[in-house]
Colleague: 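Supplied in structure tokens, the structure appears directly below.
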Amino acid sequence: MKKIDTLFLKQLYLVFVFNLLILFIIALQYIKFLENIDGFFLKPYLIVTATSHFFLIGALPLLFSILIYFVTQSKIVTKTINIILSVFILVVVKLDATIFEQFRYHISPIVLKLVFGKRASDIFQFSFTNIVLALLFIVGLVSLQLFFYFLSNKKVNQNSNLRLKPTLLLFTLFVLLSNVIYAWSDANYFRPVTQFKMSFLYLSINS
């Protein structure tokens, strides 16, 4: 059995962090529709809940890739799976943000039926340009993943003692804090906080 390469695991984590930054940029499309978030308490909560929300979504490719690595012991297979899953997550979140921006709905079976159903052409019109742009977007994301691997590999090789646990602990703390605050707000009907569940994809599905 091969020895687990901890430096490679650190590289996977750094790629996850880079992708998390992209998710934060996409999150701006959701945030601009929130109402009454000018309070001193609400702005920090917005940062905490957005971070924890997209941390959970972005962590899915990382966790599955680590599992694949432990099973296959192959870096090539793991990187390939990680790139595919990361691109998939980014595409889904971007698509959901775009749909939410235009129609105030998240991706759901009903929305998918409207898009791909028999009468989809009555509502949505996909031109050749739209298809080309979508393909270029996916190609761009794949290229970005390769660039992230290049950067993470360079960073890990420069500093093999790179400590990543503090960031993981911070993300975990944000998740716990966000859920505690939301539970209190839901119990007390505090809408400036409870409105978040309808803005973000994962929260709206699980509410």
Side-chain angles (χ1 to χ4, degrees), residues 4-32 44 46-101 106-107 133-178 196 199-203:
I4 299 299
D5 189 348
T6 56
L7 292 182
F8 178 65
L9 294 179
K10 288 183 178 181
Q11 184 182 11
L12 285 176
Y13 184 79
L14 283 177
V15 170
F16 153 71
V17 172
F18 292 146
N19 279 311
L20 195 56
L21 296 177
I22 303 300
L23 288 172
F24 288 157
I25 294 174
I26 298 176
L28 297 175
Q29 291 182 254
Y30 296 106
I31 293 172
K32 66 183 181 181
L46 173 60
I47 296 174
V48 169
T49 194
T51 301
S52 62
H53 169 71
F54 289 103
F55 164 75
L56 292 174
I57 292 179
L60 294 176
L62 173 65
L63 295 175
F64 191 77
S65 298
I66 291 176
L67 177 62
I68 292 295
Y69 179 59
F70 277 105
V71 172
T72 65
Q73 297 285 294
S74 172
K75 294 182 182 180
I76 295 178
V77 172
T78 302
K79 285 183 179 180
T80 302
I81 295 296
N82 184 257
I83 289 174
I84 293 173
L85 291 179
S86 296
V87 169
F88 176 76
I89 289 293
L90 291 172
V91 168
V92 169
V93 174
K94 177 59 179 176
L95 179 61
D96 179 78
T98 302
I99 292 175
F100 184 79
E101 191 174 37
H106 290 286
I107 293 177
L133 289 175
L135 291 176
L136 289 176
F137 179 69
I138 294 175
V139 172
L141 288 179
V142 173
S143 301
L144 194 61
Q145 297 304 308
L146 297 175
F147 179 64
F148 286 164
Y149 269 101
F150 169 76
L151 286 181
S152 60
N153 183 62
K154 188 175 181 179
K155 184 67 176 177
V156 169
N157 288 332
Q158 286 178 347
N159 185 8
S160 60
N161 295 320
L162 188 65
R163 295 185 178 182
L164 300 175
K165 288 183 180 179
T167 60
L168 183 59
L169 291 175
L170 180 63
F171 287 141
T172 304
L173 178 62
F174 277 14
V175 171
L176 294 175
L177 184 60
S178 175
F196 282 74
S199 297
F200 293 143
L201 172 62
Y202 175 81
L203 294 177

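Residue numbers start at 1 and run along the sequence shown. These numbers were taken from a predicted model, which means no experiment stands behind them.
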Colleague: When you look at Gln29 and Lys94, which way does the side chain to side chain donor-acceptor pair (under 3.5 Å) test go after all the steps?
Modeller: CA-CA 9 Å; Gln29 291 182 254; Lys94 177 59 179 176; 2.7 Å; yes
Colleague: Taking C-beta and beyond as the side chain, do Leu144 and Ile22 meet within less than 4.5 Å on heavy atoms?
Modeller: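 Yes, side chains in contact.
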Colleague: Could you tell me if the side chain of Leu60 sits less than 4.5 Å from the side chain of Leu85, heavy atoms only?
Modeller: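 They are not in side-chain contact.
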Colleague: Is the closest side-chain heavy-atom distance between Tyr30 and Val93 below 4.5 Å?
Modeller: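 Yes - at least one pair of side-chain heavy atoms lies under 4.5 Å apart.
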Colleague: What I'd like to find out is whether the side chain of Phe70 reaches to under 4.5 Å of the side chain of Ile66, using heavy atoms alone.
Modeller: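 Phe70 reaches Ile66 side chain to side chain.
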Colleague: Report the distance from atom CD1 of Ile57 to atom NE2 of His53, rounding to the nearest 0.5 Å.
Modeller: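 Here the interatomic distance stands at 3.5 Å.
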Colleague: Rounded to the nearest 0.5 Å, what separation is found between the CD1 atom of Ile25 and the CG atom of Leu20?
Modeller: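 If I round to the nearest 0.5 Å, the distance is 10.5 Å.
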Colleague: Quick check for you: to the nearest 0.5 Å, what is the distance between Leu141 atom CG and Ile89 atom CD1?
Modeller: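 Output value for this atom pair is 12.0 Å.
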Colleague: Taking the six-membered ring for Trp, is the centroid-to-centroid distance between Phe24 and Phe55 below 6.0 Å?
Modeller: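 Ring centres of Phe55 and Phe24 not closer than 6.0 Å.
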Colleague: Short question: side chain of Asn153, backbone of Tyr149 - any donor-acceptor pair under 3.5 Å?
Modeller: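 Between the backbone of Tyr149 and the side chain of Asn153 there is no qualifying donor-acceptor contact (under 3.5 Å).
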Colleague: Is there a side-chain contact between Thr78 and Phe8, using heavy atoms and a 4.5 Å cut-off?
Modeller: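 Yes. Closest side-chain heavy atoms under 4.5 Å.
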Colleague: Heavy atoms, side chains only, cut-off 4.5 Å: are Leu90 and Asn19 in contact?
Modeller: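 Side-chain contact under 4.5 Å: yes.
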Colleague: Does CG in Leu28 sit with more than 12 non-hydrogen atoms of other residues, nucleotides or ligands closer than 6.0 Å?
Modeller: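 More than 12 heavy atoms, drawn from other residues, nucleotides or ligands, come within 6.0 Å of this atom.
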Colleague: Nearest 0.5 Å, what's the CD-CG distance between Gln73 and Asp5?
Modeller: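 If I round to the nearest 0.5 Å, the distance is 10.0 Å.
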Colleague: Using the rule given for side chain to side chain donor-acceptor pair (under 3.5 Å), can you reason through Tyr69 versus Asn82, listing the C-alpha separation, both sets of side-chain angles and the distance that settles it, and then say yes or no?
Modeller: CA-CA 10 Å; Tyr69 179 59; Asn82 184 257; over 6 Å; no
Colleague: Would you sort out whether Leu14 and Leu151 count as a side chain to side chain contact (heavy atoms under 4.5 Å, CB included), showing the intermediate values?
Modeller: CA-CA 9 Å; Leu14 283 177; Leu151 286 181; over 6 Å; no
Colleague: List the atom pairs, with distances to 0.1 Å, where a side-chain N or O of residues 170-178 and a protein N or O form a donor-acceptor pair under 3.5 Å, not counting sequence neighbours.
Modeller:
{"unit_1": "Thr172", "atom_1": "OG1", "unit_2": "Leu168", "atom_2": "O", "d": "2.9"}
{"unit_1": "Ser178", "atom_1": "OG", "unit_2": "Thr49", "atom_2": "OG1", "d": "3.1"}

Colleague: Quick one: pull up OG1 in Thr80 and CD in Gln145 and give me the separation to the nearest 0.5 Å.
Modeller: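 One gets 12.0 Å once the value is rounded to the nearest 0.5 Å.
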Colleague: Could you give the distance from CD1 (Ile83) to OG (Ser143), rounded to the nearest 0.5 Å?
Modeller: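 Spacing of CD1 (Ile83) from OG (Ser143) equals 10.0 Å.
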Colleague: Contact between Lys155 and Lys10 at the side-chain level, heavy atoms closer than 4.5 Å - yes or no?
Modeller: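 A side-chain contact under 4.5 Å is absent here.
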